[in-house]
2 protein chains.
Amino acid sequence: MDAIRFKVKFLPHEREITVDDGETLIHAAMEAGVHINASCGGEGVCGKCRVLIEEGDVAEGISEKLSKEDIEKGYRLACKSLIKNDLVVRIPVESTIDASVLNLQSTPRKTAHIKQMDLGELKEKGLFTPPVEKKYLELPEPSIQDNLPDVSRMVNYLKLNHDEHRLYVTLSVIQKIPDIIRQQNFKITATLARPVHQGGRTRIINVQPGDTTDRNFAIAIDIGTTTINGQILDLKSGEVLSEHGEFNGQISYGEDVISRIVYAEKAGGLKKLQDVVIKTINTVIDSIVKQSGIDSEEISTITLAGNTTMTQLMLGVNPRYIRRSPYVPASTIYPPIRAIDLGMNVKEHVTALIYPQVSSYVGGDIVSGVMGSGMYRTEELTLFMDIGTNAEIVIGNKDWLACAACSAGPAFEGGGIKLGMRASKGAIEDFSLDPVTLEPMIVTIGKVRPKGICGSGLISMVATMFEMGVIDNRGKFNRDLNSNRIREVDGVYEFVLAWKDETQIDRDVVISEIDIENLIRAKGAVYSGCMTLLSEVGMTMNNIERIILAGGFGSYVDLEKAMIIGLLPETDAGKVTFVGNGSLMGAKMSSLTNRIRRDVVEVTKKMTNFELSETPSFMDNYMAALFLPHTDMKMFPKLKERLDARMSARRGVLQ
Amino acid sequence: MDAIRFKVKFLPHEREITVDDGETLIHAAMEAGVHINASCGGEGVCGKCRVLIEEGDVAEGISEKLSKEDIEKGYRLACKSLIKNDLVVRIPVESTIDASVLNLQSTPRKTAHIKQMDLGELKEKGLFTPPVEKKYLELPEPSIQDNLPDVSRMVNYLKLNHDEHRLYVTLSVIQKIPDIIRQQNFKITATLARPVHQGGRTRIINVQPGDTTDRNFAIAIDIGTTTINGQILDLKSGEVLSEHGEFNGQISYGEDVISRIVYAEKAGGLKKLQDVVIKTINTVIDSIVKQSGIDSEEISTITLAGNTTMTQLMLGVNPRYIRRSPYVPASTIYPPIRAIDLGMNVKEHVTALIYPQVSSYVGGDIVSGVMGSGMYRTEELTLFMDIGTNAEIVIGNKDWLACAACSAGPAFEGGGIKLGMRASKGAIEDFSLDPVTLEPMIVTIGKVRPKGICGSGLISMVATMFEMGVIDNRGKFNRDLNSNRIREVDGVYEFVLAWKDETQIDRDVVISEIDIENLIRAKGAVYSGCMTLLSEVGMTMNNIERIILAGGFGSYVDLEKAMIIGLLPETDAGKVTFVGNGSLMGAKMSSLTNRIRRDVVEVTKKMTNFELSETPSFMDNYMAALFLPHTDMKMFPKLKERLDARMSARRGVLQ
């Protein structure tokens, strides 16, 4: 069922937007690209975001910052106003200058359209064929004329009645069958695990008394460096029954993969990290099993996807050579492994399927995303990106796939930024600027007073300031601007986003030229990675028909803003889709359709890895990308047009 | 090198025999079918076995039982005389009657010719292809232009340089490879395990630094109900490096399979029996590894064969239904299992191959014997028998195989016999009788005074007494014979084999009619098993071209004697071969040639099991076999002829 949504029209901008029931007006304005001065992040204390409700009515929105007269006229604080019906809202314009800069406002916020796997489509195409199936068997009872072994009785029945051949029976089934088979008069349910590779044998991994065919579940796990997410899937309906995420316990031993590898090289370190990640996985498993109310015995399979380092650590494989040139991982493909042998809290019959890796820095999480997004099955030439501390890039379609990884550094996660922080409560996540007064509009996560800046906020700020001419293409503040928000501290220019008394911290929240430089380096690495990989395969961005973003970062980033700073190549935002946690999605899809599991080995072999650091053109591309958006403005023609237009408009206004 | 052997000629019988250096004269006489009175089992105390050395000379043989005069004339005690050169020996004949009964003497002892697997033949036929091979690889070192994962580097090299395809790499290899591969500059030895079934994949189960191709060993184990035997095999040369047997620790929980099953049904019983047998297996492994001086790391594979109950107990599979009608085992085929998962004291990379079973009472030990003897590959129609408490019978050739088991009871192992005992020190193992005086010749194991009778001794006695007319075809003593050795005690007739003062025990060693009856029942069961199985497949003994005996019992039994009592069908003794411990031999052959391992599943499927107890004709056959040798003397034509001849000779002598 879709959420209830309402229309909000902003005047005098004449911009209309549709938002969810209960959304705040300030968020709606930000989405619409309508600037309202606001410094306190949405906590209602600065009182700057005064708007006039002309049609409809909002809930709340009243504050002591508003006079009784204003309230009677219909003024409300945008940050406190909850949208409960269709509205027409007027932003107060104090001067003609203000009015004339309306067309300098930001474009409406555009995040990528979410394109998740469609169960209905799978079913329609006959691809909803879970790799583990249950079959109910009413076996003939043995007699002295027919005293076949219990296993043969089951296998023969499956052969004759279910056309199942070349079956392989595990020791655990042989151990169970004599008692199980006699529990309900030779009526049993057999669990059949399909082979991963073509030509392989179907394995009988479990037997249960009676008919349990409607109780067949799978677990999908994404082993993230930071977070481990898991889902329980009903293999009968295909539905997700429960989902849970936990911080990866390895965080205590290092924030990123490199520091984990360093720890693993210490005596006992590898074992420790393996134990810790298995412990987290078990916490996730226990939680989703409990949430879904199923019995652990009913879980038939588990699929895990993670990057190369996370995978090797989970499996107890020394990751030492991943971080040393020539960056050699232990393996690409891992055999199916009995989950209990890895210490997982599931029953003995459960086999763990591990997503294969391409290289040391293009791991199972990316392969999983490629599988889950379906890009390996389409004609469309696709650019797949998972942007984080490391950015992984895959280009290709059903015929070929090329991939590469580049180190972006921690800027997108708030690292290396003076007041940077992860996307958590108090982080400025969105930003707009009055082009004349340079008065900011900031929105924080949790609608509290700001205490720092997260990745998406940073991109928003740099893009807005660049487009407004507040910073130049090298990220330097325009020294000519006359604003007390721009200042020089210890020889470094910075912009005050919120004054000390509007923040949660004991000082002003600022963004400095050093912060901007770090962001430019990060986005430069990603962009030059794309360009280098494209040129290695003899292509340009013009050939790309679709962009897929994966990972937490991709879900929130404002696409236009990302294109303004040159993080993403300039393209129609409609071509960009978002797959969410690609790793989890791939693990989930593998659990629902065996086709994916069969394809994945071939796809992995097809994915040609390029070591960008060793590609001569990478450094040239990188140097050229250390500008906003890029040295070569021909690659950003729409932005160039907009900048030129604004420049002349601004000249008109300011003349 | 062959042992030194000498010729011994016995007079006046004119029988010549070739024996090993150091053999005693009394053994040689027994082998030759020459009777010498002897009651003390070979200890030299009865002094009855006085013989005259006419040519050559013996070592020892002198005793206070001989007068100085006798010694000077060349008389010696046969039981104390060691053969050190060619001899002519005269047995003193005290009367013409004695002389005229010479042709009533026994036939020379005939045991089955040993036909063991021939390594040379395997090599000649190109079948010496161990299922686990080592390959030495000098891999190219990785560089940034070639930074394939370690596993891919190895696999690609094997593909290109050794034509190895579709390789499967175990997790344990992936865990080891990053460090191992760099230990000797990318020079490694990979251990490849061939698939058991056609179309399967070769597995890479181990990697070692440098070249270790000449250190590749296998373990073969026979899990006997009583004894567990093991061998270390050198997979490079095919030689057996060491061998050791231990009593199965389960003996404390029951002597035979039925009592073991009963124990396994108690709470915790199955686990206990599993632990105990694994403990014994580990003792055997530790001993043979130590003996052979190899490193445990160098063991690449282990193959185990045992009967159905032993196999299920070792694998922790409830054997409860094996002993209950309709006698259903859990499985015939077992998957390859990681040996450490079974608790075996070998390294992680070792896979345990378990010989498949046919039915509850035709187990892996028999399948192993069928494989090891090669009967499944020949045109010749073969009868394979493993005689013990249970007798297993297989009939067939390369085209078809039929099998059955029957319970013979413990008589062949000395069970159910008043003074019966296992074949150990003090057991009468061989027997002859003076047809006139009824004075016995007894030989014991260990050449000590007798304390009981083992299976082979029992057969020898019953056959001899029957042929001499001392017992009739129902096993009853001839009441007309005038001998103090035949007496009635508490209504039961018995024959005194050794008087109290000639024994180790405080009484006479005797054989009673009840003992004989028990033996007749045992042999009747085995013989009727053969007949029933033959008739089920529409054959008679005339169709059988070869008999193979397996097991400890088969190695020592006097074939002619076994045919006289009707344990074995009457046939040319030259057609009978002995394979020794068929189970161990099969396990060994599987370790030396993968062909056997591939064939075994097909052979097992081909082996049609007959439940004799449920075959109507079995009881008729059994009743008919409860005579010496059988009701139907037409089945024993040679014996009939001999009996007839002797009867008239005896009449002549005694008239």
Side-chain angles (χ1 to χ4, degrees), chain A residues 141-153 155 166 168-171 173-179 181-182 197 199-201 203 270 308 312 315-322 325-338 341-342 354 357-360 605 609 611 613-614, chain B residues 141-155 166 168-171 173-179 181-182 197 199-201 203 308 312 315-322 325-338 341-342 354 357-360 605 609 611 613-614:
Chain A
E141 294 199 19
S143 66
I144 199 75
Q145 286 74 37
D146 164 23
N147 63 357
L148 279 179
D150 296 332
V151 165
S152 311
R153 183 167 306 277
V155 165
R166 299 184 67 237
Y168 173 103
V169 183
T170 64
L171 177 60
V173 165
I174 301 176
Q175 285 168 334
K176 284 179 185 180
I177 201 168
D179 294 321
I181 205 172
R182 287 167 181 83
H197 58 93
R201 299 166 76 185
R203 298 160 69 90
L270 174 57
T308 306
Q312 291 200 192
L315 298 174
V317 180
N318 186 353
R320 179 182 166 86
Y321 307 101
I322 288 179
S325 178
Y327 316 112
V328 178
S331 189
T332 45
I333 296 166
Y334 289 89
I337 302 160
R338 220 161 47 139
D341 287 344
L342 294 172
I354 316 289
Q357 327 293 316
V358 174
S359 64
S360 277
K605 283 185 191 158
N609 187 60
E611 287 296 335
S613 57
E614 304 298 320
Chain B
E141 294 199 18
S143 66
I144 201 76
Q145 285 74 36
D146 164 23
N147 63 357
L148 280 179
D150 296 332
V151 165
S152 311
R153 181 168 307 278
M154 171 175 67
V155 165
R166 299 185 65 237
Y168 174 102
V169 182
T170 64
L171 177 60
V173 166
I174 302 176
Q175 285 168 333
K176 285 179 186 181
I177 201 169
D179 294 321
I181 205 172
R182 287 167 180 83
H197 58 92
R201 298 166 77 185
R203 298 159 68 91
T308 307
Q312 289 198 196
L315 298 174
V317 180
N318 186 353
R320 180 182 166 85
Y321 308 100
I322 288 180
S325 178
Y327 316 111
V328 177
S331 189
T332 46
I333 296 165
Y334 288 88
I337 302 159
R338 222 163 43 142
D341 287 345
L342 294 171
I354 317 289
Q357 327 294 315
V358 174
S359 65
S360 277
K605 283 185 190 155
N609 187 59
E611 287 296 334
S613 57
E614 304 298 320

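In the text below, chain A, chain B and the rest are named by the order of the sequence lines, each starting its count at 1.
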#### Entry: Straight-line distance of B:R320 CZ to A:R182 CZ, nearest 0.5 Å
9.0 Å
### Query
Can you say whether A:T170 sits under 4.5 Å from chain B via the side chain, the backbone, both, or neither, judging by heavy atoms?
backbone
## Note on the structure
The side-chain contact (heavy atoms from CB on, under 4.5 Å) partners of B:P329 (sequence neighbours excluded) come to A:P149, B:T308, B:Q312, B:S360
### Query
chain A heavy atoms under 4.5 Å from B:L315: which part of the residue, side chain, backbone, both or neither?
both
### Summary
One should read off an interatomic distance between B:S331 OG and A:I177 CD1, to the nearest 0.5 angstrom, of 8.0 Å
### A:I174 versus chain B, the contacting section by heavy-atom distance below 4.5 Å
both
### Message
What part of A:S143 gets within 4.5 angstrom of chain B, counting heavy atoms only: side chain, backbone, both, or neither?
### Response
backbone
### Test log, rule side-chain contact (heavy atoms from CB on, under 4.5 Å), inputs A:V328 and B:D150
CA-CA 7 Å; A:V328 178; B:D150 296 332; 3.1 Å; yes
### Summary
Honestly, the part of A:Y321 sitting under 4.5 Å from a heavy atom of chain B is side chain
### Message
Looking only at heavy atoms and a cut-off of under 4.5 Å, which of A:A330, A:G199, A:S152 has the most pairs with chain B?
### Response
A:A330
### Task
Please look at A:I333 and chain B and tell me whether the side chain, the backbone, both or neither of the residue comes under 4.5 angstrom of a heavy atom of that chain.
backbone
### Proximity breakdown for A:L342 and chain B, heavy-atom pairs closer than 4.5 Å
side chain
### Message
Given heavy-atom pairs under 4.5 angstrom as the criterion, report whether the side chain, backbone, both or neither of B:R203 touches chain A.
### Response
neither
### Message
Less than 4.5 Å to any heavy atom of chain B: does that hold for the side chain of A:Y168, its backbone, both, or neither?
### Response
side chain
### Message
If we define contacts as heavy-atom pairs under 4.5 Å, which of A:N147, A:V358, A:V317 has the most with chain B?
### Response
A:N147
#### Entry: Nearest-0.5 Å distance, CG of residue A:D179 to CG of residue B:N318
4.5 Å
### Message
When you measure from the side chain of A:R153 to the backbone of A:D146, do you find a donor-acceptor pair of N or O atoms at a distance under 3.5 Å?
### Response
yes
### Task
Could you look at A:L171 and say if it's the side chain, the backbone, both or neither that has a heavy atom under 4.5 Å from chain B?
both
### Query
Heavy-atom distance under 4.5 Å to chain B: side chain of A:L148, backbone, both or neither?
backbone
